[in-house]
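Everything numeric in this text was worked out from a predicted model, so none of it was measured.
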Amino acid sequence: PSQRFYEGKLLSDASTHNNVRSDVRFPWPDPASPSFFWHVTQPGGEGRGGRSGTSSFNTREAEAVVACVLSLVEGGAKTSDIGVISMYDAQRALITSLLRKSPGSTVKVANVDSFQGQERVFIILTLTRSNTRKVLGFTKDPLRVNVALTRAQCGLVVIGDALTVSAGSDIWSGFLEYLGPTRVVEGKLGSFTPFKVASSHVSTTAVTEEVFTSSHLSSSHCAASSLASYSREAPPYPPAKNRARLERTGKYSRFVGTDA
C-alpha cells in the first residue's frame, strides 16, 4: 500500500518491524512472512443474495474463511485478535451464520467500510468475486482495497480467485506479484501448494488527498499495514490542521512521513 496508494511517501516505524506472533500456531506458507493469498474458485461463479438480492456471496471462500478462523483459535489466538473482512454484505452474513455455533462465534465479521479505523492482530479478507467475465465490483475499488489490506497487525490471509482478481485489477495483480511464488497458494489449509499466476504489466495507482477528500472514506483514518515493507497507519497527506505538526516533527502520529 505504501508504494501503490501513497507513492512510497510513508515508511514503517521501527516499532512495527518483526511483528511475528510465534506463540500462535497457524500453517503460514512462509512463517517468517505471515501474509498470503489463498486461491479458491467457486464453480459457476459467485452467487447473488442479501436483502437487495444484488449482493455477492461465495460459499467456497466462506468455508475457507471459517477454516482459517478455527485454525487460529485452535492455535492459541484470541477471538478478539481476529477480524474477518468481506467486500459484500451477503458474504458477511454467510460467514457469520457458519461461525455462529463454533469456537469462532465472537470473531468480528464485517464489511470493509465497518473496519475503517480499526485493526486486528490477524485479518482474513474474502474477495468473493469468482467469474470468467473478470467482473470485480467493489473488490477493485482502490480505497476499499487499501483499507482492507491494512487492518492486520501481524498476519493477513487474503482468500479469492486469483485468476479473476488479477485479470480484473492491476492492484490485485500487483499484490500477487509482491507476494511472489511461495505465498500465492491453493489446496487445503495445512497442505498448500504454490499457485502460479501469469504475470502482467502493472501500472501504479496513486490515491491522492483530492481523491480522499472527495470520497466517503476519510484520509485521516486510512491506514497502511505492518506487514513486510508496508506502512502502518498515516496518510502522506494529512488534513490541513495536522500538516504543520507533520512538517515540524517529520512524523504523523506513530508513523514516519518522508514528505508533507
J.: Less than 4.5 Å apart, any side-chain heavy atom of L125 and any of I159?
T.: no
J.: Parallel under 30°, tilted from 30 to 60°, perpendicular over 60°: which one fits the rings of H39 and F195?
T.: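 H39 and F195: parallel rings.
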J.: Does one hydrophobic cluster hold both L136 and F57, with members joined at side-chain heavy-atom distances below 4.5 Å?
T.: no
J.: Hey, what do you get for CG (D161) to OG1 (T128), rounding to the nearest 0.5 Å?
T.: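 The distance works out to 11.0 Å.
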J.: Does either side chain, that of S114 or that of N111, offer a donor lying less than 3.5 Å from an acceptor on the other one?
T.: yes
J.: Over 60° means perpendicular and under 30° means parallel, so classify the ring planes of W38 and F36, tilted if in between.
T.: tilted
J.: Is the shortest heavy-atom distance from the side chain of N58 to the side chain of Y88 under 4.5 Å?
T.: no
J.: If I compare all heavy atoms of R120 with all of D81, which pair ends up nearest, and what's the gap?
T.: CB-O, 3.5 Å
J.: Should L189 and C68 be marked as a side chain to side chain contact (heavy atoms under 4.5 Å, CB included) after you check the CA-CA gap, both sets of side-chain angles, and the distance that decides it?
T.: CA-CA 8 Å; L189 187 67; C68 288; 4.3 Å; yes
J.: Quick one: CG on L99 to NZ on K108, what's the gap to the nearest 0.5 Å?
T.: 14.5 Å
J.: Which heavy-atom pair separates V197 from A162 by the least distance, and what is that distance?
T.: CG2-CB, 3.8 Å
J.: With the side chain counted from C-beta on, respond yes when V157 and F26 share a heavy-atom pair under 4.5 Å apart, and no when they do not.
T.: yes
J.: With side chain to side chain contact (heavy atoms under 4.5 Å, CB included) as the criterion, how do R129 and V135 come out once you've worked through the C-alpha distance, each side chain's angles and the decisive distance to 0.1 Å?
T.: CA-CA 7 Å; R129 290 298 191 123; V135 175; 3.5 Å; yes
J.: Would you name the heavy atoms of F192 and P29 that are closest together and state the gap between them?
T.: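 So the two residues come closest at CD1-CG, 4.1 Å.
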J.: Could you give the distance from OG (S105) to CG (L98), rounded to the nearest 0.5 Å?
T.: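 Rounded to the nearest 0.5 Å, the OG-CG separation comes out at 12.5 Å.
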J.: Q42 side chain to T59 main-chain N or O, any donor-acceptor pair under 3.5 Å?
T.: yes
J.: Does I123 share a hydrophobic cluster with I171, counting links as ILVMFWY side-chain heavy atoms below 4.5 Å and allowing steps through other members?
T.: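 Looking at the clustering, I171 is in the same group as I123.
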J.: Are any non-hydrogen side-chain atoms of P194 and V184 less than 4.5 angstrom apart?
T.: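 No. Closest side-chain heavy atoms not under 4.5 Å.
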J.: Rounded at 0.5 Å granularity, tell me how far CD in E177 sits from CG in D170.
T.: 10.0 Å
J.: I would like to know whether R183 and S35 meet side-chain hydrogen bond (donor to acceptor under 3.5 Å, both in side chains); could you show each step before the answer?
T.: CA-CA 7 Å; R183 292 190 287 157; S35 59; 2.7 Å; yes
J.: For the side-chain hydrogen bond (donor to acceptor under 3.5 Å, both in side chains) test, which of R48, Q91, E46 pairs with S56?
T.: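 The passing option is R48.
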J.: A148 and I85: which non-hydrogen atoms are nearest, and at how many Å?
T.: O-CD1, 4.0 Å
J.: Is the Lys NZ or Arg CZ of R151 less than 6.0 Å from the centre of F115's six-membered ring, within 45° of the axis?
T.: no
J.: Can you find a heavy atom in the side chain of V145 that is under 4.5 Å from one in the side chain of K140?
T.: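 Result no, sub-4.5 Å side-chain heavy-atom pair not found.
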J.: Do M87 and I95 belong to the same hydrophobic cluster, where Ile, Leu, Val, Met, Phe, Trp and Tyr are linked whenever their side-chain heavy atoms lie under 4.5 Å apart, directly or via other members?
T.: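 In one cluster with M87: I95, no.
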J.: Which heavy atom in S55 sits nearest to a heavy atom in A90, and how many Å separate them?
T.: OG-N, 3.0 Å
J.: Could you check whether any side-chain N or O of R21 sits under 3.5 Å from a backbone N or O of A77, counting only pairs where one atom can act as donor and the other as acceptor?
T.: no
J.: Roughly how far, to the nearest 0.5 Å, is CG of L156 from CD1 of I124?
T.: 9.5 Å
J.: A side-chain contact here means heavy atoms from C-beta on lying under 4.5 Å apart; do V158 and L127 qualify?
T.: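 Side chain of V158 against side chain of L127, heavy atoms only: contact under 4.5 Å found.
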J.: How about T41 and L163: do any of their side-chain heavy atoms sit closer than 4.5 Å?
T.: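 T41 vs L163: side chains apart.
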J.: Whether the T164 and S130 side chains hold a donor-acceptor pair (N or O, under 3.5 Å, no angle test) is what I'd like checked.
T.: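 Side chains of T164 and S130: no pair found under 3.5 Å.
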J.: What's the verdict on side chain to side chain contact (heavy atoms under 4.5 Å, CB included) for L70 and S102, showing C-alpha distance, side-chain angles and the deciding distance?
T.: CA-CA 8 Å; L70 297 182; S102 78; 3.8 Å; yes
J.: Do V40 and L179 sit in the same hydrophobic cluster, where Ile, Leu, Val, Met, Phe, Trp and Tyr count as joined when their side-chain heavy atoms come under 4.5 Å apart?
T.: no
J.: Consider only side-chain heavy atoms of I, L, V, M, F, W and Y, link residues closer than 4.5 Å, and tell whether V185 and L72 are in one cluster.
T.: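 Same cluster: V185 reaches L72 through Ile, Leu, Val, Met, Phe, Trp or Tyr contacts under 4.5 Å.
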J.: Report yes if the side chains of R144 and V147 come closer than 4.5 Å at any heavy-atom pair, otherwise no.
T.: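 Not in contact.
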J.: For a salt bridge (charged side-chain N to carboxylate O under 4.0 Å, His left out) check, start with the C-alpha distance between D89 and R92, then their side-chain angles and the critical distance, and finish with the verdict.
T.: CA-CA 5 Å; D89 194 59; R92 178 203 58 76; 2.7 Å; yes
J.: Between S97 (side chain only) and L94 (backbone N and O only), is there a donor and an acceptor less than 3.5 Å apart?
T.: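 A pair under 3.5 Å: yes.
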J.: Please lay out, stage by stage, how F37 and V165 fare under the test side chain to side chain contact (heavy atoms under 4.5 Å, CB included).
T.: CA-CA 11 Å; F37 189 105; V165 300; 4.0 Å; yes
J.: Kindly compute the distance separating CG (D23) from SG (C154), expressed to the nearest 0.5 Å.
T.: 9.0 Å
